[in-house]
Protein chains: 2
Amino acid sequence: MDTTQRTEQQRSADRRRRELLEAADRVVLRDGPQASMNAIAAEAGITKPILYRHFGDKSGLYAALAKRHTDALLASLRAALDAPAERRERVEATLDTYLAAIEARPQVYRFLMHPAEGTQGEQEFDTGKHSAPLLRRMGEELAQVIEERLDLGPGSQQLARVWGHGIVGMMHAAGDWWLGERPCTRAELVKSLADLLWGRLAAAGDKIGGPGF
Amino acid sequence: MDTTQRTEQQRSADRRRRELLEAADRVVLRDGPQASMNAIAAEAGITKPILYRHFGDKSGLYAALAKRHTDALLASLRAALDAPAERRERVEATLDTYLAAIEARPQVYRFLMHPAEGTQGEQEFDTGKHSAPLLRRMGEELAQVIEERLDLGPGSQQLARVWGHGIVGMMHAAGDWWLGERPCTRAELVKSLADLLWGRLAAAGDKIGGPGF
DNA sequence: GCGTGCATGTTACTAGCGGTAACCTGAGTC
DNA sequence: GACTCAGGTTACCGCTAGTAACATGCACGC
């Protein structure tokens, strides 16, 4: 029975941790990325210190919270990337999956994109690494898929990584802008972005009278 | 003489304002986006309240500060976009201009990209508008150039805007990742991104044995 | 039965942030 | 000399992240 007791304790801790994460989720969904530790603790029915005992500090909690959503979104994207269809169709499906996700839960999406920004965290922002982890992970995932499937000749790995991060950034920025202004339907946005990736920029003709872009 | 006196007073105020902005610039360059109002005031040799008298609140100061850099960067980009050369060359020059700017002053760049995030600001983040103003402005500028110069058929304006924001996002994300990891030279990055925009993704062949991306 | 760990939870605090009210001070004007 | 008014300061508020110290309950070995 002692083993069951030990597992019982661990289970209890894990369950508590999951409960806390779900409470944090609710608060973030309501208050956005500015959700305070106090508010999260109150939502969970407890006080701050036990939150800190579970997650270390705010970035720890946010990282745990972000990992759940990031994992879920990445799984959806992988499914779209792996679907049995033509390349263009798969690209469009991936774009649409991402856009549908951010459309359905803008608060969560915003939280994932601007997580850190701690009032007084470590100052080691000299070079980079400040970008949202979700963007980086998506970029690396896409790079891997590109490198696995496409024949890009010499330097393919590096090219695939550049493209992975570039395409993810394109998707992100366009989605962000689209969410704010809603200038067109999701399907139209998907098609426009796919057209861009399909080289329509290079193929387009100059306007009459102009020197061309 | 009263007019000169009034202008003298206004000049004095404007000069002070510029001095404060330059002090703020120095602090942001040193401390990054977490630069506190206290630190900025101390750098300027004064105390907080007069900073607030000049700029209202933190976001006001940051907006004034961001406008300077944004204007400067946008001017450089416009120059690259307007250069008398072929389209591909111009695209590469624009990419390179942007990347050179963020490479030269990563702190400023980071400040421009993550400005707000006030601890207790207005909560109206429901839909969008949380993206960095620099990104939006660059996207709109690029959209305008594309729409002016390219013949894209029906729906050209909307297409141009999607592309503008998408390309800017691509540039941003790839540059961010590149700044952090430095996996290649700037020239290589520029060429890879231009290749992506030129449709090499669609043109690439499948790898042997795979279903193709 | 009784102390001993140990996890869980609390109150009460520190240090620093953005922002503001109230006060002070010195130059110019009638 | 009194009066005004811009420029500047001290001292504060309410908030935040994070922590130390104290309390409580529950399983163990003796």
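The sequence lines fix the lettering, A, B, ..., with proteins before strands; numbering per chain opens at 1. Values below: all heavy atoms of this structure, side chains included; hydrogens, waters and symmetry mates excluded.
- At a non-hydrogen distance threshold of 4.0 Å, A:Lys48, A:Pro49, A:Tyr52 from residues 40-52 of chain A come into contact with DNA chain D.
- No hydrogens or angles considered: a donor-acceptor pair under 3.5 Å links the side chains of A:Asp57 and A:Ser59.
- Crowding of B:Gln157 atom CD: a count of heavy atoms from other residues, nucleotides or ligands under 6.0 Å not exceeding 12.
- Between B:Ala44 and B:Leu20, the shortest heavy-atom distance links the atoms CB-CD2, 3.7 Å.
- Counting distance only, with no hydrogens placed and no angle test, the side-chain atoms of B:Arg16 and the base atoms of D:dG7 include no donor-acceptor pair under 3.5 Å.
- Straight-line distance from the CG atom of B:Asn38 to the P atom of D:dT9: 12 Å, rounded to whole Å.
- To the nearest angstrom, P of D:dG8 lies 7 Å from NE2 of B:His54.
- Taking every side-chain heavy atom of B:Lys58 into account, C:dG19 is the closest of C:dA22, D:dG18, C:dG19.
- The cationic atom of A:Arg182 (NZ for Lys, CZ for Arg) lies less than 6.0 Å from the six-membered ring centre of A:Trp178 and within 45° of the ring axis.
- In this structure, A:Asp57 places its CG atom 8 Å from P of D:dT19, rounding to the nearest Å.
- Distance CG (B:Leu20) to P (D:dG7): 11 Å, rounded to an integer number of Å.
- Nucleotide C:dT8 holds its C1' atom 14 Å from the CZ atom of A:Arg15, rounded to whole Å.
- Aromatic rings of B:Phe111 and B:Tyr62 (six-membered ring for Trp) have centroids within the 6.0 Å cut-off, being under it.
- For B:Gln158 and A:Ser192, the side-chain atoms include no donor-acceptor pair closer than 3.5 Å.
- Straight-line distance from the CZ atom of A:Arg53 to the P atom of D:dA21: 13 Å, rounded to whole Å.
- Protein atom CE of B:Met37 is 18 Å distant from nucleotide atom P of C:dG16, rounded to whole Å.
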